[in-house]
Amino acid sequence: MKTLEDLKRVREEAIKAMKVREGEQRVKVTVAMGTCGIAAGARETMSALLDELSKRGITDVTVTQTGCKGLCEQEPLVEVTIAGSDTVSYGKIDAEKARRIVAEHIVNGHVVGDYVITR
Amino acid sequence: MEVTKVTNEQKLPRIERSHVLVCAGAACVASGAEEIQRRLEARIQELGLNTEVAVYGTGCVGTCDLGPVLIVYPEGTFYVKLKPQDVDEIAEEHLLKGRVVQRLLPRDPSRHEIPTISEHPFFAKQVRIALRNLGVINPESIEEYIAVGGYAALEKALTMTPEEVIKMVSDSGLRGRGGAGFPTGRKWAFARNVQADQKYVIINADEGDPGAFMDRSILEGDPHSVIEGLAIAAYAIGATQGYAYVRAEYPLAISRLQTAIDQAREFGLLGKGIFGKLDFDLEIRKGAGAFVCGEETALMHSIEGKRGEPRPKPPFPAVSGLWGKPTIINNVETLANIPPIIEKGPYWYSSFGTETSKGTKVFALAGNINNTGLIEVPFGTTLREVVYEIGGGIPGGKEFKAAQTGGPSGGCIPKELLDIPLDYESLAQAGSIVGSGGLIIMDEDTCMVDVARFFLEFTVDESCGQCTPCREGTKRMLEILTRITHGEGTLQDIEKLETLAASISRTSLCQLGITAPNPVLSTLRYFRDEYIAHVVEKRCPAKVCRALIRYEIVPEHCKGCTLCAKFCPTHAIRGERREVHTIDPELCIKCGECLARCNVGAVIKV
């Protein structure tokens, strides 16, 4: 380690990996993981979300799970809350749709109208 | 210019959605934390969550009586008193389905679950500076330490002159946390001002006070902060070589520190040309566990390979220390405070605490208290706040009797002084010391003469034997105390104790001897009536001293169930089934087994 820049570089990489311990971030994504959700493929949805966020190096997103929301018919359910705006609920989200939500809603801030249940 | 394209192959840090930190402090490890971590990792693997949930060990969280514990982030859910099988439920319910396992949460006094670690009352009053990273980072990862701002203070210090660094430490008001409380900045300035071809810096991790474990916990939970603090000290005084003197009974601390040293070397944070400006390296020296080796001159003798015996001062180590070279020796907790002081400034640090005791102090809370563990509070926090708010009060609805502070060099604070602010001056006035931060809480069932005898027994064991007052004097004092607890003491004995105490303090060579009489003096000061009861009435008011108590069976309560007689190891209890039993005082060894076994409360201590 020769310079401050060296230290900063290590630091920034490591911060990304540790961001999850800080609690609430800019965006909160909740995947419903009740038995119904898991049966409908919520695990794949979750994996796809995390994978897409990782690939894009996005670190200001908390991904969490919740139980059955009562809307079992619409599973897998994904909710996206960007700080300062209302929660958007998406229904029947498979892996591919999950990636689109990351790209359009989380990165660019445009709600993906096609998948929305309620706003 | 070439534009780099982000591809899947490019190495990006994997981002997990959840981190589970399992407390890997020695207390949790002793209660099975390693198996819990292994089982959790295995379950996560089985559930296919291993790419999205990461499990790490972390330093002592401080809530040792609740161990093993773990924290699930980002929620901050705090699971306590875990058994290996509980881990499956956490993995399946919480990590997979997002449902908090309510039954494993800690509870407040009204039995309500406490959902997150930050809401636990144990942490609410704490200000964690020296303990800032314990329970927050993985101690075996230098990257995590750097991520939370580690080694930035060293870099900053190296852009300043050594004198500026020393001034900053002086201005912060930081005093040595090992016991003596000497101003750290002044110590550094002495060593800075001595001309020499070689100087040394030493980490004193020879923690020896019964019940104190803050240094071990910091080394186990945040070793890099101590290395960074020491490197800053080295730069300030002009040293190029450091030693960490750690007792061999701390294998986990030694292994984590060694890992940290290796990582720091690999990252160029130890060795030649640190940030292009500093040459400094560090080695571990293991101590064999003699209490006296915490005394700095004895410690240096031990590093030199000689007998661990203290020598008279002056010369002070800052002038002539290790191998005759200027040396500073700082305690682990002191050093862990250095990086935040450099980073955030001296006045930030001195904004905590009192007029003369600046900053925070780590206390090891032990004894008759609900929340035992490690806490860090600003100086000036009252004993009452520590016992009743952070500590959660005395178990079993018993009454607080006294707090022992500062270990074998300290004294006892009685109930009347519960509102005493914990700081250097107030404790000294009350006849005790802050010391290294041992804080043993004692309830009404504690005999103060017995407590004094316990601590004296410790110093007699640990006296190096070099000087007569300490070697012989403490032994005579112990004999007198033992006599008193056996009911054979006289009023002259109490006077003799006081005379001996005064001359031992005046004439001993090092602090071990000088402070050895303190536990006796302070108990005599506040609990003289207990001593008098032992010698005059031949009675132990707390009913602890065996020679002065008797076990009896109350005939009206005894149902003749025979339980006591069955478990009495000396067959001292007689009586037919369904008839009143009696204890033969000739045969009774006062082990208390009958009292513990009786279901109807018929056995009493008198």
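Sequence lines set the chain letters: A, B, ... in the order given, protein chains first and strands last, and positions in each chain run from 1.
- Proximity to chain A is absent for every atom of I142(B), based on heavy atoms less than 4.5 angstrom apart.
- We find the CG-CZ distance between L53(A) and R17(B) to be 12.0 Å, quoted to the nearest 0.5 Å.
- Contact count against chain A (heavy-atom pairs under 4.5 Å) is highest for L95(B) among N138(B), V148(B), L95(B), T159(B).
- Of the atoms belonging to E143(B), heavy atoms from both backbone and side chain fall under 4.5 Å from chain A.
- Heavy atoms of T30(A) lying under 4.5 Å from chain B are absent altogether.
- Of the atoms belonging to I15(A), heavy atoms from both backbone and side chain fall under 4.5 Å from chain B.
- Between I146(B) and R11(A), the shortest heavy-atom distance links the atoms O-CG, 3.4 Å.
- Within a 6.0 Å radius of CD in E96(A), no more than 12 heavy atoms belonging to other residues, nucleotides or ligands are found.
- At a 4.5 Å heavy-atom cutoff, L278(B) makes no contact with chain A through either its backbone or its side chain.
- Proximity to chain B (any heavy atom under 4.5 Å) is restricted, for T3(A), to the backbone atoms N, CA, C and O.
- The shortest heavy-atom contact between H94(B) and Q65(A) is O-NE2, 2.9 Å.
- Between K97(B) atom NZ and I38(A) atom CD1 the span is 5.5 Å, to the nearest 0.5 Å.
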Item checked: Residue pair R21(A), E144(B): steps toward the salt bridge (Lys or Arg N to Asp or Glu O under 4.0 Å) verdict -> CA-CA 12 Å; R21(A) 291 182 215 170; E144(B) 291 205 5; 2.8 Å; yes
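- In this structure, no portion of V100(B) lies under 4.5 Å from any heavy atom of chain A.
- In terms of heavy atoms, M18(A) sits closest to H19(B) at CA-CE1, 4.2 Å.
- When heavy atoms are compared at a cutoff of 4.5 Å, L158(B) does not approach chain A at all.
- Only the backbone of I58(A) comes within contact range of chain B, with heavy atoms under 4.5 Å apart.
- Looking at L96(B), both its backbone and its side chain come within 4.5 Å of chain A, counting heavy atoms on both sides.
- A donor-acceptor contact shorter than 3.5 Å links the side chain of K2(A) to the backbone of G273(B).
- Pairing each heavy atom of F275(B) with each of L7(A), the nearest pair is CZ-CD2, 4.0 Å.
- Using a 4.0 Å cut-off between a side-chain N of Lys or Arg and a carboxylate O of Asp or Glu, E155(B) and K8(A) do not qualify as a salt bridge.
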